[in-house]
Amino acid sequence: MQSAMVHRDPSLYTSSRVNTFERFAAISAMLVGVVGVLYSVAFIVLKDATLYSLFLMLGGLFSTLALVALYYRVRDADGALASWAVALGLVAAFGSLIHGGYDLANALNPPATNVPALADLPSQIDPRGLLTFGIAGIAMFGFASLITRGARISKGLGYLGYISAILLIVIYLGRLIVLNATSPVIVIPALLEGFIVNPIWYIWLGLTLFKSEG
């Protein structure tokens, strides 16, 4: 006598879980875009250490979900490159998260020492934005290459990713070599990346993740 139990297809269950994660990642990607603008406003305009540290943390956290979901969308184009890109992207995201957390801790409870002098010292975790900008830019190059090489994602997202990658690396090199935060070498790329390119890229990614791969 056959069992009356109904057996579900494991593949359907797995697909459902992946789609649920992608929806969550899509929302997170769009939040990264919004938080990126808020970070830029707090850092460049308001110069509020508490706010920009908080937004740096949130951006790093939310981007981990978005990057993992993107990895699953582009890995068929080149599995090895996709693995390398997501590894670098996650390292950069955690670097941003820790850097933001360190700055937030100091902003909320300043140490009993010369805080302005300490502010000029590079972070031991993310010196001059090595992870937040430099490694993130390299990871973005990897993802942009995968998107433009045949992944089932609009190539426009890949071309915008190349622009973002260049701006991120220029910002890192500017902070490393020029150091002066008011220099046009830093300010212009930071304005373009923070207010335009990065928010558009992540919001576009979020909208892409909402769509089924079909």
Exercise. Do Leu81 and Val74 come close enough that some side-chain heavy atom pair is under 4.5 Å?
Worked result: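 When only atoms from C-beta onward are counted, Val74 and Leu81 do not touch, as no gap falls below 4.5 Å.
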Calculate, to the nearest 0.5 Å, the distance between atoms [atom1] and [atom2] belonging to [X] and [Y] respectively.
| X | Y | atom1 | atom2 | value |
| --- | --- | --- | --- | --- |
| Leu167 | Leu192 | CG | CG | 6.0 Å |
| Arg73 | Leu205 | CZ | CG | 9.0 Å |
| Leu168 | Ile163 | CG | CD1 | 12.0 Å |
| Leu157 | Tyr162 | CG | OH | 11.5 Å |
| Ile196 | Leu191 | CD1 | CG | 8.0 Å |
| Ile169 | Leu176 | CD1 | CG | 13.0 Å |

Problem set entry | Val185: partners by side chain to side chain contact (heavy atoms under 4.5 Å, CB included), with sequence neighbours left out | Val178, Ser183
For this session: Please name all residues satisfying side chain to side chain contact (heavy atoms under 4.5 Å, CB included) with Pro127, sequence neighbours left out, ordered by chain then number.
Result: Pro122, Leu130
Listed pairs under 3.5 Å, donor-acceptor, residues 50-61 side chains, sequence neighbours left out:
unit_1 : atom_1 : unit_2 : atom_2 : d
Ser53  : OG     : Ala49  : O      : 2.6

Of all heavy-atom pairs between [X] and [Y], which one has the smallest distance, and what is that distance?
| X | Y | value |
| --- | --- | --- |
| Leu131 | Ile125 | CD1-O, 3.5 Å |
| Phe133 | Arg175 | CE1-NH1, 3.0 Å |
| Ala93 | Thr64 | CB-CG2, 3.7 Å |
| Pro184 | Pro189 | O-CD, 3.5 Å |
| Trp204 | Gly156 | CH2-C, 3.3 Å |
| Leu209 | Ala26 | CB-CB, 3.7 Å |

Exercise. Ignoring hydrogens and geometry, is there a side-chain-to-backbone donor-acceptor pair from Trp201 to Leu160 under 3.5 Å?
Worked result: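 Side chain of Trp201 to backbone of Leu160, a donor-acceptor pair under 3.5 Å: no, none is there.
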Exercise. Just wondering, more than 12 heavy atoms not from Phe195 lying within 6.0 Å of its CZ?
Worked result: yes
For this session: Sort and list the pairs that fulfil salt bridge (charged side-chain N to carboxylate O under 4.0 Å, His left out) and have at least one residue in residues 77-98, not counting sequence neighbours.
Result: Asp78-Arg149
Exercise. With sequence neighbours left out, which residue pairs that include part of residues 38-58 fulfil the salt bridge (charged side-chain N to carboxylate O under 4.0 Å, His left out) condition?
Worked result: none
Using a 3.5 Å cut-off and no angle test, enumerate the donor-acceptor pairs between side-chain atoms of residues 28-42 and protein atoms at least two apart in sequence or in another chain.
unit_1 : atom_1 : unit_2 : atom_2 : d
Ser28  : OG     : Phe24  : O      : 3.0
Ser40  : OG     : Gly36  : O      : 3.0
Ser40  : OG     : Gly194 : O      : 3.4

Exercise. Restricting to pairs with a member in residues 83-102, which pass side-chain hydrogen bond (donor to acceptor under 3.5 Å, both in side chains), not counting sequence neighbours?
Worked result: Ser96-Thr132, His99-Asp103, His99-Asp126
Side chains of residues 134-146: which donor-acceptor partners sit under 3.5 Å, not counting sequence neighbours?
none

Problem set entry | Shared hydrophobic cluster, Ile186 / Ile188 (ILVMFWY, side-chain heavy atoms < 4.5 Å) | no
For this session: Would you please name every residue forming a side-chain hydrogen bond (donor to acceptor under 3.5 Å, both in side chains) with Ser164, sequence neighbours left out?
Result: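 Glu193.
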